[in-house]
Amino acid sequence: DTAVSQTPKYLVTQMGNDKSIKCEQNLGHDTMYWYKQDSKKFLKIMFSYNNKELIINETVPNRFSPKSPDKAHLNLHINSLELGDSAVYFCASSLGTSGTNEQFFGPGTRLTVL
Amino acid sequence: SQQGEEDPQALSIQEGENATMNCSYKTSINNLQWYRQNSGRGLVHLILIRSNEREKHSGRLRVTLDTSKKSSSLLITASRAADTASYFCATGRETSGSRLTFGEGTQLTVNP
C-alpha cells in the first residue's frame with residue numbers, strides 16, 4: 001500500500017492557468033507538508049499542517065494556497081502559474097510536530113509551466 | 001540562508017568501495033537526519049542522530065555528528081550500484097516545530 005501518494009505525477013500547463021495537486025497519506029500521521037525542489041535539487045519547505053491547522057507558512061507567494069480537508073489530505077492549489085513555478089513538488093507527512101520525527105515523502109509532482 | 005551544506009556535491013566510486021558524504025550546518029540543532037533520493041522519486045529516510053549522540057549505525061550506514069564543529073558525515077560501506085542516488089542531510093530544531101531544513105545534497109554514483 002502506498003504510504004504517501006500524490007496526483008498527478010506530471011503536470012504540464014500554460015502560464016496564467018490555475019492548477020491543483022492532491023496528496024493523501026494512509027499512515028495515520030497528523031502533520032503534512034509541501035516542499036518545492038528546484039532544478040538544482042534544492043528542497044525547500046513551503047507549508048506544514050497539523051490536524052488541518054496551518055503551522056508553517058514559509059514566504060510563499062499567496063498564489064499558492066494549501067487546503068487540508070482532514071488530517072490525511074493536504075492539497076495545493078496554485079493560481080496564475082508562472083514560469084518560475086516549474087519544479088517538483090513533494091508532499092510529506094510525519095507523526096507529531098516535533099522536528100525529531102522522520103518524514104515520509106510522496107513520489108513528487110513534476111510541474112512544468114510553459 | 002541555507003542551513004545545511006554538503007560536500008562533495010558529486011561523488012563517483014566503484015562498487016565495493018566506501019562512500020563518505022559530509023554535511024555542515026550553521027545553527028544549533030536538536031537532531032540531524034539523512035535521506036536518500038533515487039532519480040525521479042521522493043526522499044526516503046535513512047537514519048536520525050540526536051544532538052547528544054556522536055555516532056550511529058544502521059546496516060552499512062554509519063553516521064557521525066560533531067556539534068562543536070556543526071558537522072555530520074554519512075559513511076556507506078561496501079557500496080553497491082543500487083546505492084546510486086542523491087543523499088541529503090536535514091536538521092531539526094525543537095523550537096522550529098516540525099520544520100526540517102535540507103542541505104543541497106550529494107549525488108553519489110556507484111559504478112559496477
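Letters A, B, ... mirror the listed sequences (proteins, then strands); counts begin at 1.
Taking both residues in full, the closest heavy atoms of B/His45 and A/Gln103 are given as CB-O, 4.3 Å, listed atom of the first, atom of the second, then distance. The two residues B/Gln107 and A/Lys41 come nearest to each other via the heavy atoms OE1-NZ, 3.3 Å. The two atoms that bring B/Phe102 and A/Phe42 nearest to each other are O-CE1, 3.7 Å, heavy atoms only.
Proximity to chain B (any heavy atom under 4.5 Å) is shown, for A/Lys44, by neither the backbone nor the side chain. Using a 4.5 Å cut-off between heavy atoms, A/Gln6 makes no contact with chain B at all.
Within the 4.5 Å cutoff, no side-chain heavy atoms of B/Leu48 are placed close to those of A/Asn101. At least one side-chain heavy atom of B/Gln37 sits under 4.5 Å from a side-chain heavy atom of A/Phe90.
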**OP:** Evaluate the criterion side-chain contact (heavy atoms from CB on, under 4.5 Å) for residue pair B/Tyr35 and A/Phe105; output intermediate values, then yes/no.
**Re:** CA-CA 10 Å; B/Tyr35 286 79; A/Phe105 282 76; 3.8 Å; yes
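Within 6.0 Å of the CD atom in A/Glu53, the count of heavy atoms belonging to other residues, nucleotides or ligands does not exceed 12. The 12-atom threshold is not exceeded at CZ of B/Arg80, counting heavy atoms of other residues, nucleotides or ligands nearer than 6.0 Å. Atom NZ of A/Lys67 is surrounded by 12 or fewer heavy atoms from other residues, nucleotides or ligands within 6.0 Å. Open room surrounds CD on B/Gln9; 12 or fewer heavy atoms of other groups in view lie less than 6.0 Å from it. For A/Lys22, the NZ atom counts as loosely surrounded, since its 6.0 Å shell holds 12 or fewer non-hydrogen atoms of other residues, nucleotides or ligands.
A/Phe47 and A/Leu81 fall within the same hydrophobic cluster, where Ile, Leu, Val, Met, Phe, Trp and Tyr residues are linked whenever their side-chain heavy atoms come under 4.5 Å apart, directly or through other members. Cluster annotation: B/Tyr87 and B/Ile13 are assigned to the same hydrophobic cluster (Ile/Leu/Val/Met/Phe/Trp/Tyr, side-chain heavy-atom contacts under 4.5 Å, transitive).
Among B/Thr101, B/Leu100, B/Leu43, the single residue meeting the side-chain contact (heavy atoms from CB on, under 4.5 Å) criterion with A/Leu43 is B/Leu43.
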